[in-house]
Amino acid sequence: PPAAAALEWGWKDDEFFSVGAMIPEVNHTALFELVKALGEPRLLVQLLLALPPALCRGQLENLVEYISSETSPSDIRLFLDVWWEVMKHREGQEDATVSAFSALIHQHGAEPSLEDGLQPPKRFKGDPGNAPGLPTVLLEGLKQIRGSIAQPRLRCHALANLAELLGLSTGLGPGHSPLPIAEHLARLSAIVSLWGRDSESQFHPWGLGEKVREAERSLSLLPLTKPSREELFGGLDLLCSLLQDWGEELQDTLRGSEGLCFESYRLLDALTSLGKNLDFLLETGDLGEGETRVVLELTQLTQDFLRDTTAILKDLDTSLVSSVAMAVIEQRLDRHVDTCSVFASEKTWAFSNAWVECLVKNKALFQTPELILELLETLVSFATSHHDKEAQELQVQVTEAIVECYTELSLSDKNKVISGVLASWGGPGLSQNVQVVREGLQEDLNVTFNQLTKSVSDEGLSRAVAAMARLTLLSPEATVKQVCHLAVVNLGAHQFLAQILCSFPALNFLESPEDPGRPGSLVVRCLEEAVWGKLSTERDEEQFLQFLAFLMQPGSATPLVSPAEVTKAFVLPYLKSGSPEIELSLQILSKVLGIPSCSEEHWIKSCHPFPLLLSLCRLLDGYTKYWHQPKEQLFPSLETKDLILDILCQLCELVGPETVPSSELWVQSLAWLHRKVASLDWTVGLRLKKLYGDHFKNEVPATLFEICRLPEDEWTSQLWPAYGPGSGLLAWMECCCVSPALRDTMLALLTLNVDNPEEVNLFSKGFLVALIQVLPWCSHGEWKRLGAVLEQLLQRQVLHVPYTLEYVQHMPLLNLRPFSCHLQLSVLFLRGFQLLCSSSCSTWLPSEAWLHVVQLYCSSLTDLLASVQAAATASAQPCAQEVSFVCIQLFCHLLHVAAMLPASTEGCGEPLLVLALEVLSQYEVSSKADTSPCSALRKANEGHFLESITDNVGHEELRSTLLQKLSKLAARSEH
C-alpha cells in the first residue's frame, strides 16, 4: 500500500528516520501529552514493545522522568495505564500501523548503516520478555510518584499493578493454571458489570463485545515482563510499604458508600492471588533472613487487608454471564472453546432467542461429539418441560442446528455421539422425549430408506451411511428396525444394508433387559422383532441369514453382533421340539458355527455347550418316532435332520477340554452328557464318538456282533427289546447311516461267508428287509450314505440281486457288464417297493411318509442316471444301445413303482413324473447317438414298447404327460 511504501522510503532516506536512532527525535513531553490527550496508552505500549529491548527501556525511563516532574493525577493515570498495558500486551493483536512499524523494525533493525557507522544491537528480537530491567523501571517510577498518588482509585490501580507484576515472577509458584471456565466467565461478567455502572471508567461507553474483549485481556496476563529475584524482593518490599501507608484508608473507602470499582476489584483479586503465591514462596524458596522477614510481613498485611474487604466481592453482579459467554463465543476469544461447553450445557440460558441465535450463527464451533451431546441433553431437558407452540418452533431450530453440526463430524465421532445418545436415552433416543423429532420420524425413515435401497452401490454407500447417521442420531432403535425389516423384504439389498449398519459399531449397545438372564444388544432385539413371525418365504429366510452372517463377519469392519449373542438370542431359547421357530433357529446356528472365533477362547464356551449338545441329541432321538408323532406336534422336518447332524458334527469338533475351566469339570460334563444320552436312541451316542474319545465305548445292539467282527476294547453290546434275533443287519445298516467313517468301518468289519450259498441268500433277503425298515426314517444325507453301501456290496458281488426279464422282450445281445450294478440297483429298489407295498406292510407307514420315501427313491434314480452317463462317457467302446437299454429298464421300474403306490398317497406323482421325463430325455440322447444299420427299426420297436408300458399306468396325469413325451420322441426320430 502507498502508506507502507512511504514509510519504507522514509526509513531509509529521511534523516528523521535515522536507523541508529530507531524512532524520530521528537519532544517527549509533546509525545506523552499527546498520548494523554488521546487516551491511547495501548498504542504507545505497542510501539515501545516493537523496539529493541534497550531502546524500549530507555523510552520507558523517559516516561518515568516525565511523570516524576510536577506530577499530576493525569500523569499518574498515564503511567499506571502504560504499566497495565505492558502486562496485558500480546503479540499479534496490534493494528495495521503498529504491525507495519514492527515489521520495519524486524527488517532493518539488524542492518548496519554504512553511512553513520552505527552498529545495531548484537541481539535484537521484538520480544519484550528478553528486555531485562522493565520491571525495575516500573518499580522505580512508582517509588518516585508514590507521594503524589492521593486518590483511592489510583492507589488501588497502583497496588493492583504492583501485585500482579510480582505475581508473574517465576519464584512465586509453579505457574498460573487457567481458572475453571465457570469462574472465568463469572469474573468477566463482574468486570463488565463494574464498567457498565462506573461512569468514570474509560470503558463505560464501550459496547458489550468490546468490554468482554478487554475484560478477557485483563484476566489473561502473560508473563512477558517477569521480575528477576532482585526485582521481586524489591517489589515485595515496596508493596509492603505501600500497604502500610495506604491500607487503612483504602479499607475505609472500600467499606464506604462508594463501594467497589474496577480498580479496587483488581486489587482484591491480585492480593488474593499474591497471598497464595507468598505461601508457596515460604514453603519452597531458599530465602535469606531479610527476605523471609519481608515475605512474612507482607503476608500478614495482605491477610489483614483482605479480611475486612473481601466480603464485598460476594455482592458482585454476575447477571451478565450468559451475554458475556455469547460474546466470547461470537468473537472467538481465548476461552471460547471452553465457553462453548458451558453454553451447551447451561440449561438456565438455553432457548432464549439470543441463545438460539448464537448457536445457529456459530454452529462451526460446536462440531465435537462432547458439545453435541451436551446440546442434546439441553434440548431434551427443555423439550420435556416446554410444550407450547413457540417452544416447539425453537426446538425445531435447535434440532436442525445440532443435526448440521453432527453431519460435519467424522464417522468415528458420529459413533461417539450415538453411544452417548444410547447411554442417555436408550434405543428410542431423542424421539422418546422430543416431540418435534418424533412427529416426522417415520415419514423421514420411509423416504430416506426408499432412496437408499434404490442406490445399492459402492458409490452410494457413503451417502447412505451419512443419511443413516442422521436418522440414528434421532432414533437409533427405529432406524435399526427399519434396516432389519428392509434387509429381509428387499431382494438383494441385504448386504448393502448390512454394510451401512456395520458402519455404526456404537449400535452394539447392551440394553437393560426385562429378563436379566438374557442380556442382549439393541441390534439383536431389533433383529428378533424383524424375524419371528415375519418371514413368509424361503427367500426371506435366506436373505435374513445372509444379513445376519454379514453383521457377524463384515470383513474389515467391526462385527455388530457376536456369534455368542446370536446363539443366546436366536438358538438356545427355541432349540426344543414343539417350538415353531426351531427350523430357523437351526439354520441360524449353522451360520453362526461357520463364523471363526476372534479370540483364543472360543465363543461357544459361553453358550452352554453341553446342554446345547443334549438338545440336538434329543431332536435326533425324536426322528426315530418321526412318522408316529402326533399330527399337532411341531417337529422339524426330515429335510432338517441333515442340518442337525452337520451342526452336531461341528460342535463335537469345537467342544473340547479347553471349553471348560478344568479337566475334572470336562470329565464330569462328558459323564453328564453320556448319562443323559443313554436314555435316547442308541445311534445318537455313536454320533458323539469324536466328543467322547476314549472315555466311553460304542454301545450297540448285541445282534450287531453276530454279523460284524467288532473289537471289544472299542465296542460294547447291549440287550434292547427292539433288536431281537435276526436284527443284526438292521443295526448294521443304521450304523452305516451315522457317518461316512462309520460306514466304511461297518463295510470293513462285515462277516459273510460268500462260499456258503445259503448264507449269501439269507444275507441278501435280510438286507432287503432291513433296507425298507431304515428307508422311511432316513434323511437325504443318510440315504446317500446307504446308496454308497449298496454300490459297494454290489460291486464286491456280496449282495445277490437277480435280474429278471419281466421288462425285456428279447435277449439283448449287448455288453451290459459296465452297467450291471446300475441295473441291479434299480431292481433292488423295485423289490424294496414291492415288499413295502405288499399287504404285510400296507399299514406300516402313514400316508404322509410315502412322499418322503418316493423322494428318496427319485434322488437315488437321479444319481443312478448320472452314473450311467459317466460310465458311458468313460467307456472305450460306443455304448449308445446299452445306455438306451438301461434307460428303458429304469423307466419301466419307475412306472412299476408308481403303479404299486397306495391310492391314499398324495403328491407322489410329481417327483415320479419329473424323474420319468428325465429318464426319457436321457434315452432320447442315447437313442440319437445310435447310428447302427438297424437303429431305425429298433427305435420304433422300443417306442411301441414304452407306449404299451405307459398305457397301463393308472395315474391319469402321469400317463397322459408321458404319452405326449413319447409321441414327440417318435415324431423326432422319424425325421
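With Phe262 as the partner, the side chain to side chain contact (heavy atoms under 4.5 Å, CB included) test is satisfied by one option alone out of Ser218, Cys156, Ser193, Ser201: Ser218. Arg155 pairs in a side chain to side chain contact (heavy atoms under 4.5 Å, CB included) with only one of the listed residues (Asp245, Leu80, Thr253, Ile149), which is Ile149.
Between His157 and Trp84 the shortest side-chain heavy-atom distance falls below 4.5 Å. In this structure the side chain of Leu162 reaches within 4.5 angstrom of the side chain of Leu139, judged on heavy atoms. In this structure the side chain of Glu297 reaches within 4.5 angstrom of the side chain of Gln244, judged on heavy atoms. Residues Phe343 and Cys358 form a side-chain contact, since some pair of their non-hydrogen atoms from C-beta on lies under 4.5 Å apart. Contact annotation: the side chain of Leu239 approaches that of Leu274 to within less than 4.5 Å [non-hydrogen atoms, C-beta and beyond]. Residues Val295 and Thr299 meet the side-chain proximity criterion, which asks for heavy atoms closer than 4.5 Å. Taking the side chain as every heavy atom from C-beta outward, Asp81 and Val45 never approach each other to under 4.5 Å. Side chains of Glu210 and Phe203 form no contact here, defined as non-hydrogen atoms less than 4.5 Å apart.
Heavy-atom minimum distance, Leu51 versus Cys56: CB-N, 4.2 Å. Among all heavy-atom pairs drawn from Leu371 and Ala344, the shortest one is O-CB, 4.0 Å. Taking every heavy atom of both residues into account, Cys240 and Leu301 meet most closely at SG-CD1, 3.3 Å. In terms of heavy-atom proximity, Ile67 sits nearest to Asp75 at CG2-O, 3.6 Å. Listed here is the closest heavy atom pair of Ala163 and Leu271: CB-CD2, 4.3 Å. Of all the heavy atoms in Ser189 and Ser319, the pair that sits closest is OG-N, 4.0 Å.
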Would you sort out whether Glu374 and Glu377 count as a side-chain contact (heavy atoms from CB on, under 4.5 Å), showing the intermediate values? CA-CA 5 Å; Glu374 288 171 353; Glu377 288 273 5; 5.6 Å; no
Item to complete: Apply the test side-chain contact (heavy atoms from CB on, under 4.5 Å) to residues Ile76 and Phe79: give CA-CA distance (whole Å), side-chain angles for both, the deciding distance (0.1 Å), then the verdict.
Response: CA-CA 5 Å; Ile76 297 169; Phe79 173 71; 5.8 Å; no
Start with the C-alpha distance between Arg307 and Asp304, add both sets of side-chain angles, then the distance that settles salt bridge (charged side-chain N to carboxylate O under 4.0 Å, His left out), and finish with yes or no.
CA-CA 5 Å; Arg307 185 182 302 116; Asp304 293 343; 3.0 Å; yes
_Determine whether Val398 and Leu375 satisfy the following criterion, side-chain contact (heavy atoms from CB on, under 4.5 Å), listing intermediate values before the conclusion._
CA-CA 9 Å; Val398 171; Leu375 285 170; 5.8 Å; no
Taking it one step at a time, do Glu263 and Arg266 satisfy salt bridge (charged side-chain N to carboxylate O under 4.0 Å, His left out)? CA-CA 5 Å; Glu263 287 78 8; Arg266 271 189 68 216; over 6 Å; no
* **side-chain contact (heavy atoms from CB on, under 4.5 Å) between Leu188 and Leu320, worked out** => CA-CA 9 Å; Leu188 285 179; Leu320 294 175; over 6 Å; no
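Looking at Gln251, its side chain does come within 3.5 Å of a backbone N or O of Phe305 through a donor-acceptor pair. Lys211 places a side-chain N or O within 3.5 Å of a backbone atom of His204 that can act as its donor or acceptor partner. No donor-acceptor pair closer than 3.5 Å links the side chain of His89 to the backbone N or O of Val86. Side-chain N or O atoms of Arg335 include one that pairs as donor or acceptor with a backbone N or O of Leu179 at under 3.5 Å. In this structure a side-chain-to-backbone donor-acceptor pair under 3.5 Å is present from Ser345 to Ser341. Within the 3.5 Å criterion, the main-chain N or O of Thr136 finds a donor-acceptor partner in the side chain of Glu231.
Ionic pairing of Arg217 and Glu214 is present here: one or more N-O contacts between side-chain nitrogen and carboxylate oxygen are shorter than 4.0 angstrom. A salt bridge is absent between Glu289 and Arg293; no separation between the charged side-chain nitrogens and carboxylate oxygens falls under 4.0 Å.
More than 12 heavy-atom neighbours from other residues, nucleotides or ligands sit within 6.0 angstrom of NZ on Lys347. Heavy-atom contacts from other residues, nucleotides or ligands closer than 6.0 Å to CD of Gln331 number more than 12. Residue Glu183 qualifies as enclosed at atom CD: its count of foreign heavy atoms under 6.0 Å is above 12. Taking a 6.0 Å sphere around CD of Glu248, one finds it holds 12 or fewer heavy atoms contributed by other residues, nucleotides or ligands.
To the nearest 0.5 Å, the span separating CG on Leu142 from CG on Leu165 amounts to 10.0 Å. A distance of 10.5 Å separates CG in Asp237 from CZ in Phe233, rounded to the nearest 0.5 Å. Here the straight-line distance linking atom CD1 of Ile402 with atom CG of Leu376 works out to 5.0 Å at 0.5 Å rounding. Considering CZ of Arg153 and CG of Asp198, their distance stands at 4.0 Å, rounded to 0.5 Å. In this structure, Ile329 CD1 and Trp355 CH2 are separated by 10.0 Å, a value rounded to the nearest 0.5 Å. For the atom pair OH of Tyr66 and OG1 of Thr29, the computed distance is 6.5 Å after rounding to the nearest 0.5 Å.
When only modelled atom types and interatomic distance are considered, Ser322 and Glu346 share no side-chain donor-acceptor pair under 3.5 Å.
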